[in-house]
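Quick note: residue numbers are just sequence positions, from 1. We count ligands from 1, going down the list as the structure has it; atoms in each ligand are counted the same way.
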Amino acid sequence: MIKVGVLGARGRMGAEVCRAVRDADGMELAAAVDQGDGLDALTAAEVVVDFTHPGVVMDNLQWCVKHGIHAVVGTTGFDAARLDSVRSWLEEGTGNVLIAPNFGIGAVLMMQFARKAAPFFESVEVVETHHPNKADAPSGTARRTAELIAAARAEAGAAPFPDATSTALDGARGADVEGVRVHAVRMSGAVAHQEVILGGHGELFTLRHDSMNRESFMPGVVLAVREVAGLPDRLTIGIESLLGL
Ligand SMILES: NC(=O)C1=CN([C@@H]2O[C@H](COP(=O)(O)OP(=O)(O)OC[C@H]3O[C@@H](n4cnc5c(N)ncnc54)[C@H](OP(=O)(O)O)[C@@H]3O)[C@@H](O)[C@H]2O)C=CC1
Ligand SMILES: O=C(O)C1=N[C@H](C(=O)O)C[C@H](O)C1
């Protein structure tokens with residue numbers, strides 16, 4: 001039995017993770033912790049799953065590493081500086097960390113297809129749409145997608161994107177993530193959606209993914225909980241390697 005602790009257990013994702021862990025073979029919900037509860041109950045867990053808030057996730061993660069508890073992190077807001085901090089903590093502590101901006105299988109495939117397609121088109125932009133209660137913009141998935149697109153284009157020696165804009169209202173061209181434009185829509189009725197639009201000579205190619213509910217993330221979360229202890233690296237980004245991608 002893998003003993004699992006959930007951080008952010010009363011939140012939209014955390015509550016779903018508690019259900020998924022209870023339903024999963026070979027797993028037991030050892031602790032369900034939310035705002036104001038204190039972290040001590042998590043010492044009963046071998047793996048902690050964090051779906052909290054970008055503002056608190058670093059403290060949570062540092063605590064897990066210090067206590068030698070494996071961590072599966074879905075909370076967003078990770079940039080290169082934050083990942084460097086996690087790597088430095090891992091030099092001292094025990095336990096593995098897996099951080100994934102998206103646990104949806106389709107979303108992971110969309111990111112990989114975008115990476116593959118990006119060097120073949122003159123223009124590539126990312127448009128994400130989320131529920132209006134989301135704290136961060138652009139989404140972690142959109143940031144990661146843009147980083148993958150930028151890396152693939154740099155490796156292929158692709159030209160900069162054509163864009164003659166010389167006057168624009170603030171934000172009209174979206175955020176610049178390593179040179180890739182990322183547009184964030186916040187919309188009642190939405191859950192989590194993303195389009196990657198690629199344009200070339202007389203053609204447009206659109207990759208689209210829609211998360212219709214939060215249950216859709218659970219197969220990826222459960223897989224990560226099962227695998228995190230045995231991963232070859234102390235820090236793993238994304239569930240691609242667990243899916244054989
Ligand atoms: N990787 C992925 O596949 C996915 C990632 N996410 C990400 O997960 C995160 C959470 O999203 P969501 O579930 O919608 O957010 P919610 O706001 O619904 O849930 C977050 C929960 O964490 C609680 N919380 C806040 N601070 C702490 C703390 N210090 N210790 C313990 N609990 C705390 C909140 O309490 P309170 O409300 O009182 O502040 C709340 O109950 C976001 O970063 C989101 O982007 C979401 C979906 C999928
Ligand atoms: O806040 C959300 O809801 C989601 N957050 C993640 C992100 O920022 O990419 C994953 C998914 O898009 C849902």
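Between Gln35 and ligand 1, a contact under 3.5 Å exists for at least one N or O pair. Residue Pro101 has at least one nitrogen or oxygen atom sitting less than 3.5 Å from a nitrogen or oxygen atom of ligand 1, judged on distance alone. The shortest N or O to N or O distance between Thr76 and ligand 1 is under 3.5 Å. Distances between N or O atoms of Thr75 and those of ligand 1 include no value under 3.5 Å. Considering both main-chain and side-chain atoms, Asp34 comes within under 3.5 Å of ligand 1 through a nitrogen or oxygen pair. Considering backbone and side-chain atoms alike, Pro54 places every N or O at 3.5 Å or more from each N or O of ligand 1.
The two residues Val180 and Ala146 come nearest to each other via the heavy atoms CG2-O, 3.7 Å. When all heavy atoms of Cys18 and Ala9 are compared, the closest pair comes out as SG-CB, 3.9 Å. Looking at every heavy atom in both residues, Leu29 comes nearest to Arg22 through CD2-NH2, 3.5 Å. In terms of heavy atoms, Val182 sits closest to Pro138 at CG1-CB, 3.5 Å.
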Kindly determine whether Asp37 and Arg10 satisfy salt bridge (Lys or Arg N to Asp or Glu O under 4.0 Å), including the steps that lead there. CA-CA 11 Å; Asp37 290 341; Arg10 290 193 289 272; 3.7 Å; yes

Given side-chain contact (heavy atoms from CB on, under 4.5 Å), test Val6 with Val33 step by step and report yes or no. CA-CA 6 Å; Val6 178; Val33 170; over 6 Å; no

When you look at Ile149 and Arg115, which way does the side-chain contact (heavy atoms from CB on, under 4.5 Å) test go after all the steps? CA-CA 5 Å; Ile149 290 167; Arg115 180 181 64 81; 5.9 Å; no

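Against a heavy-atom cut-off of under 4.0 Å, Arg10 is close to the following atoms of ligand 1: 41 (O). Atom numbering of ligand 2 starts at 1 in the shown order; those under 4.0 Å from a heavy atom of Thr141 are 7 (C), 9 (O), 10 (C), 12 (O). When each atom of ligand 1 is checked for a heavy atom of Phe103 under 4.0 Å away, the hits are 1 (N), 2 (C), 3 (O). Taking a cut-off of under 4.0 Å to the non-hydrogen atoms of Val56, the atoms of ligand 1 that pass are 26 (N), 27 (C), 28 (C), 29 (N). Each of the atoms 13 (O), 46 (C), 47 (C), 48 (C) of ligand 1 lies under 4.0 Å from some heavy atom of Met13. Here is the list of ligand 1 atoms found below 4.0 Å of a heavy atom in Gly11: 18 (O), 19 (O), 21 (C), 40 (C), 41 (O). Taking a cut-off of under 4.0 Å to the non-hydrogen atoms of Asn102, the atoms of ligand 2 that pass are 10 (C), 11 (C), 12 (O). For ligand 1 and Asn102, the ligand atoms under 4.0 Å from any heavy atom of the residue are 1 (N), 2 (C), 3 (O).
Using a cutoff of 4.0 Å between basic side-chain nitrogens and carboxylate oxygens, Arg214 and Glu16 are not scored as salt-bridged. For the pair Arg153 and Glu178, the salt-bridge criterion is not met [side-chain N within less than 4.0 Å of a carboxylate O]. With respect to Asp84 and Arg82, no salt bridge is recorded, no charged nitrogen being found less than 4.0 Å from a carboxylate O. Classification of Asp163 and Arg173 as a salt-bridged pair holds, one side-chain N sitting under 4.0 Å from a carboxylate O.
A donor atom on one side chain and an acceptor atom on the other are found under 3.5 Å apart for His183 and Glu125. Looking at Glu128 and His130, their side chains do bring a donor and an acceptor atom within 3.5 Å of each other. The closest side-chain donor-acceptor pair between Thr145 and Gln194 falls under 3.5 angstrom.
Regarding atom 8 (O) of ligand 1, its nearest protein heavy-atom neighbour is Phe51 CD2, 3.4 Å. Residue, atom and distance of the protein heavy atom nearest to atom 9 (C) of ligand 1 are Thr52 O, 3.7 Å. The protein non-hydrogen atom at the shortest distance from atom 7 (C) of ligand 1 is Gly74 O, 3.5 Å. Summary of contacts: the protein heavy atom closest to atom 5 (N) of ligand 2 is Lys134 NZ, 3.2 Å.
Per-atom contact check: atom 37 (O) of ligand 1 does not touch the protein, criterion being a heavy-atom distance below 4.0 Å.
Counting heavy atoms closer than 4.0 Å to ligand 1, residue Asp37 contributes nothing at all. The proximity of Ser139 to ligand 2, defined as any non-hydrogen pair under 4.0 Å, involves the side chain as well as the backbone. Counting heavy atoms closer than 4.0 Å to ligand 1, residue Ala192 contributes nothing at all. Heavy atoms of His130 found under 4.0 angstrom from ligand 2 belong exclusively to the side chain. Heavy atoms of Ala100 found under 4.0 angstrom from ligand 1 belong exclusively to the backbone. Within the 4.0 Å heavy-atom criterion, the part of Phe217 lying near ligand 1 is the side chain and not the backbone.
Distance alone, capped at 3.5 Å, is enough to place a donor-acceptor pair between the Arg181 side chain and the Gly174 backbone.
Exactly one residue among Val97, Val57, Leu61 makes a side-chain contact (heavy atoms from CB on, under 4.5 Å) with Asp50. That residue is Val57.
Selection from Arg214, Glu16, Arg12, His130 by nearest heavy atom to atom 18 (O) of ligand 1 gives Arg12. In the candidate list Pro101, Gly140, Ala192, Pro101 is nearest to atom 10 (C) of ligand 2, counting heavy atoms.
Using a 4.0 Å cutoff on heavy atoms, His131 counts as a contact of ligand 2.
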